[in-house]
There are 2 protein chains.
Amino acid sequence: MSPQNTLAISTDVVLFSIRNDRLEVLLAALDNGGWRLPGGGMAADEDLESSALQHLEQQTGVTGVYLEQLYTFGRPGRHPTQRLVSVAYYALAPDEQLRLRERQADGLDWFAITRLPPLALDHADIIAMAHKRLAAKLAYTTIALQFMPERFTLSALQSVYETILGAALDKRNFRKRVLAMGCLEATSELDRHGNHRPARLYRARTPGKVEFIK
Amino acid sequence: MSPQNTLAISTDVVLFSIRNDRLEVLLAALDNGGWRLPGGGMAADEDLESSALQHLEQQTGVTGVYLEQLYTFGRPGRHPTQRLVSVAYYALAPDEQLRLRERQADGLDWFAITRLPPLALDHADIIAMAHKRLAAKLAYTTIALQFMPERFTLSALQSVYETILGAALDKRNFRKRVLAMGCLEATSELDRHGNHRPARLYRARTPGKVEFIK
DNA sequence: AATATTAGTGTCGTTACAACACTATGTCAA
DNA sequence: TTGACATAGTGTTGTAACGACACTAATATT
């Protein structure tokens, strides 16, 4: 078989998080100064989703993320030396969880979605599609909760929405809407920090699950 | 390499159409009495989408459909003798177009989505996912237009919605809604048949394109 | 005790959506 | 030719959802 006829399947992961009030993506450095998505070849006896999670963990130390299949990219010629079909996933996780688990920090970095570095292959397209999907899902699912830690304030949640949508939201209307979805639960705890009134902490009723609304 | 380690990629297509006031799917017969989706192995120099279209044409004679990638199925063990990753697509086409082009009619048949025969591999799961996606997209895109011929009456379009949703719709509200989307255009022609008032024919403003609404 | 800072709450006008019934225009048969 | 039949086509009104909008509450700091 010539290299071009060598068929390989890889899985790639677009890991999003909210950092510094921006939507950011985790990338791995290449030798040539460029960057790529975490991911790699799929082993023969491995599930696609496991492959994505395993590469993510091995390359970044990140585990326990919310993962969803995005799209499969297979245009011939997208890889210079072999026929490579990539099953792309996107992953969401709260910033807090990631600070703990990024072990191999060198060779890794976060980039704001608006300021991406040069990327390998068609990884820029993959990120663009993932971003579009995320923004769309925000409108009709509870996916934003995947960015939140176990307990969080409504103000923090609002800030996540505002960051992804790139627009300010009305506080009263936001609270009405998000509570009306019925997937939040007030705890008895308060978040005390700073010189101001403490905020009630909420938690997701079904933390792992993304639900459709209305 | 052992057979289980032989990696292969296939593309499979769930072709939907509205026939007999039901949502139906086109399937190909297997030797053992079961049925399968049209599709097959991807050639090394071929795009995924082309592969899907080409298998569809070769096995069913159908061309010119609306095609969209659905999901990639890759669980190890989903195929008994090899590691098979299937990139699944779904396709939509108006019934009129298909009656003309189904050449190899033997070995092929249409099945109502509610009465599927025994299916190969996980093809039943694939069809279920395609059906769910179609029903969801009906709500927020103009995808239903892909079931319509070039010119059609509003009553015919309403009947397509009613068939997929499985519920009757109010005529006046439906017409208001669908015209407000702004992607229909009245022609000067009328559809005359039967002993009743003829209906105005409409056409899609951008026939090949599925747009998001609101 | 005063100040600074974020948390938390309700009303009202507007708009979008659902429910609803009759007239219009053609064919066909007597 | 006329009457019966069948589907096409059309507006209004009540209701529910949504957006705009400003003040009080609770804590930390000085």
Side-chain angles (χ1 to χ4, degrees), chain A residues 18 20-21 136 138-142 144-145 148-149 151-203 211-214, chain B residues 18 20-21 136 138-142 144-145 148-149 151-203 211-214:
Chain A
I18 309 276
N20 315 313
D21 285 321
L138 209 61
Y140 62 95
T141 70
T142 61
L145 294 176
M148 309 310 292
R151 288 163 192 233
F152 53 88
T153 67
L154 293 185
S155 295
L157 182 60
Q158 178 173 351
S159 154
V160 166
Y161 273 85
E162 290 176 331
T163 299
I164 303 178
L165 295 175
L169 299 175
D170 178 81
K171 195 202 274 194
R172 282 174 285 195
N173 293 334
F174 178 79
R175 291 162 107 91
K176 253 183 292 176
R177 233 184 62 207
V178 81
L179 291 173
M181 297 187 326
C183 41
L184 294 189
E185 203 168 63
T187 70
S188 55
E189 287 154 74
L190 298 177
D191 173 40
R192 315 176 160 272
H193 80 276
N195 50 339
H196 53 78
R197 175 172 176 177
R200 165 134 285 135
L201 287 167
Y202 288 77
R203 74 163 147 251
E211 319 217 17
F212 289 74
I213 44 186
K214 246 171 317 161
Chain B
I18 307 277
N20 316 312
D21 286 320
L138 209 61
Y140 63 95
T141 71
T142 60
L145 294 176
M148 308 310 291
R151 292 171 185 223
F152 52 89
T153 67
L154 293 185
S155 295
L157 182 59
Q158 178 171 350
S159 155
V160 165
Y161 273 85
E162 289 177 332
T163 298
I164 303 178
L165 296 174
L169 300 175
D170 178 81
K171 195 202 274 194
R172 281 173 287 193
N173 293 335
F174 178 79
R175 291 163 107 91
K176 251 183 293 177
R177 233 185 61 209
V178 81
L179 290 174
M181 297 186 325
C183 43
L184 294 188
E185 203 167 63
T187 70
S188 55
E189 286 154 74
L190 299 178
D191 173 40
R192 315 176 160 273
H193 80 276
N195 51 339
H196 53 78
R197 175 172 176 177
R200 165 133 284 136
L201 287 166
Y202 288 77
R203 73 164 148 252
E211 320 216 17
F212 288 74
I213 44 187
K214 249 170 313 167

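To find a chain, count down the sequence lines: A is the first, B the second, and so on, and within it residues start at 1.
In this structure, CG of B/D170 is placed 14 Å from P of D/dT10, rounded to the nearest angstrom. One atom, CZ of A/R197, and another, C1' of D/dT27, lie 9 Å apart when rounded to the nearest Å. The CD-C1' distance, from B/Q158 to D/dT7, rounds to 12 Å in whole Å. Atom CZ in A/R177 sits roughly 19 Å away from atom P in C/dG10 (whole-Å rounding). Between the C1' atom of C/dG8 and the CG atom of A/L154 lies a distance of 10 Å, rounded to the nearest Å. In this structure, the CG atom of B/L190 is 12 Å from the C1' atom of D/dG9, given to the nearest Å. Atom P of nucleotide D/dT27 and atom CZ of A/R200 are separated by 11 Å, given to the nearest angstrom. Across the protein-nucleic acid pair, A/L179 atom CG and C/dG10 atom P stand 12 Å apart, rounded to whole Å.
In terms of position on DNA chain D, the residue among B/L201 and A/K171 whose nearest nucleotide sits closer to the 5' end is B/L201. Taking the nucleotide of DNA chain C with the nearest heavy atom to each of B/P198 and A/N173, the more 5' of the two is matched to A/N173. For the pair A/K176 and A/H193, nearest-nucleotide mapping onto DNA chain D gives the more 5' position to A/K176.
For the pair A/Y161 and A/A144, the tightest heavy-atom approach, listed with the atom from each and the gap, is CE1-CB, 3.5 Å.
A/T153 places a side-chain heavy atom less than 4.5 Å from the side chain of A/L201. No side-chain heavy atom of A/S155 sits under 4.5 Å from any side-chain heavy atom of A/R200. Contact of the A/I213 side chain with the A/T141 side chain is not registered, since no non-hydrogen atoms from C-beta on lie closer than 4.5 Å.
Between the side chain of B/N195 and the base of C/dA29, no donor-acceptor pair under 3.5 Å is found. Below the 3.5 angstrom threshold, one finds a donor paired with an acceptor across the side chain of B/R172 and the base of C/dA21.
Judged by distance alone, with hydrogens and angles left aside, the side-chain atoms of A/E162 form a donor-acceptor pair with the main-chain N or O of A/L169 at under 3.5 Å.
Look at B/S155 and you'll find a side-chain N or O under 4.0 angstrom from OP1 or OP2 of D/dA8.
The nucleotide whose nearest atom lies closest to any side-chain atom of A/H196 is, among D/dG9, C/dA7, C/dG10, C/dA7. Closest to the side chain of B/R192, out of C/dA7, D/dG9, C/dT27, is C/dT27.
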